[in-house]
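Protein chains get the first letters and strands the later ones, always in sequence-line order, with residue 1 at the start of each.
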2 protein chains.
Amino acid sequence: MKISTKGTYGLRAMIDLAIFSQFHPVSIKKIAARQEISELYLEQIFAKLKQGGLVKSKRGIYGGYFLGKDPQHINVKEILNILEDNLSVHSCQNDNMKICQRASRCPTRVLWKRIDRAVHDIMESYTLEDLVVEAKFQDNSLL
Amino acid sequence: MKISTKGTYGLRAMIDLAIFSQFHPVSIKKIAARQEISELYLEQIFAKLKQGGLVKSKRGIYGGYFLGKDPQHINVKEILNILEDNLSVHSCQNDNMKICQRASRCPTRVLWKRIDRAVHDIMESYTLEDLVVEAKFQDNSLL
DNA sequence: ACAAAACTCTATTGAAATACTAGGATAAAG
DNA sequence: CTTTATCCTAGTATTTCAATAGAGTTTTGT
């Protein structure tokens, strides 16, 4: 894949939540302002994240979103899997698409599979907590 | 990145060349027929490959294309680098684009860099010869 | 010489994916 | 019963990608 804005914004939003939603829900308006993302667009992203169980929400005044699990139990792969249509580097590796007619005698399939595996492993090894640590390290204003 | 048809077709074409152009040039018409690719589109792909030095050409009747280097000295990264605009998984890692304003305090940059490095290493380790071996293994009709 | 085969080059079209906008409905707190 | 927020469904605008079109130029075999 090429990581889209959904994945990019979603990751940033999750990091924001991990930092700011520990004691009370955080509204989309707040996150959008801090992360410089369109509010309306962020709504759609959070709808997916909620559907995937990564965040929970509280409606009404003083409502907002918060993490569905602890940051150390959420990895990057889970987040991007929900927000990106297909995490493979090649569209032929997509299960729900029409299978490539040449698949049985395609010399490059092995290559794509190996790359996907490597990407997959790295994404799975990075937790949201790792990213929070990185964020705090880079920007003391978040502490 | 998501590998586009340019990269996909280009790789297939290079494998085709490695197998069929050992003794005489191979025309685009032949490759397009064998690989089921539009001739006009293949032309554009070969223009890039030639510009990148991976193939050479002979004009006129009985002309066509042949490899610029031995298959064991051409790796997949070289090929895709020429045909794909940007091999990074994230557009923020693109040198010639406008630099992301948040780069200096972006917690996810490290992640993209690490993924890109892994992908890069795998692509570089695969030579055209490796793919030819794989192709011949899968389809005896090419032998 | 000359015609055919094949490469070279630039522009345009068409289709699909992506990014974002719009507007209303529902819910909770005070 | 008003304010603030999530929730939900469409719709549009932009960009990227894939492919086509067509007019050249070069080379070579005969």
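To the nearest 0.5 Å, the span separating CE on A:Met14 from CG on A:Leu128 amounts to 5.5 Å.
Atom-to-atom, CD of B:Gln51 to P of C:dT10 comes out at 10 Å; the value is rounded to the nearest Å. What separates NZ of A:Lys56 from P of C:dA27 is a distance of 20 Å, to the nearest Å. In this structure, A:Lys48 atom NZ and D:dT9 atom P are separated by 14 Å, rounded to whole Å. Separating the CD1 atom of A:Ile28 from the P atom of D:dC7 is a distance of 8 Å, rounded to the nearest angstrom. When rounded to the nearest whole Å, the span between CG of A:Leu49 and P of D:dC7 equals 12 Å.
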If the sugar-phosphate is the primed atoms plus P, OP1 and OP2 and the base is the rest, what is the B/S/- string for nucleotides 12-25 of chain D, using protein heavy atoms under 4.0 Å? ------SBBB---B
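Residue pairs meeting the salt bridge (charged side-chain N to carboxylate O under 4.0 Å, His left out) criterion with at least one partner in residues 58-81 of chain A, sequence neighbours excluded, are A:Lys69-A:Glu78. The salt bridge (charged side-chain N to carboxylate O under 4.0 Å, His left out) contacts involving residues 1-14 of chain A comprise nothing, where partners must be two or more places apart or lie in separate chains. Sorted by first then second residue, the side-chain hydrogen bond (donor to acceptor under 3.5 Å, both in side chains) pairs that include residues 16-26 of chain B, not counting sequence neighbours, are B:Asp16-B:Arg34, B:Asp16-B:Gln35.
Of all the residues in residues 61-71 of chain B, B:Ile61, B:Tyr62 reach under 4.0 Å from DNA chain D with at least one non-hydrogen atom.
Between A:Tyr9 and A:Tyr41, the two ring planes are perpendicular [angle over 60°; tilted spans 30° to 60°].
Every residue meeting the side-chain hydrogen bond (donor to acceptor under 3.5 Å, both in side chains) condition with B:Lys50, not counting sequence neighbours, appears here in chain and number order: B:Ser57.
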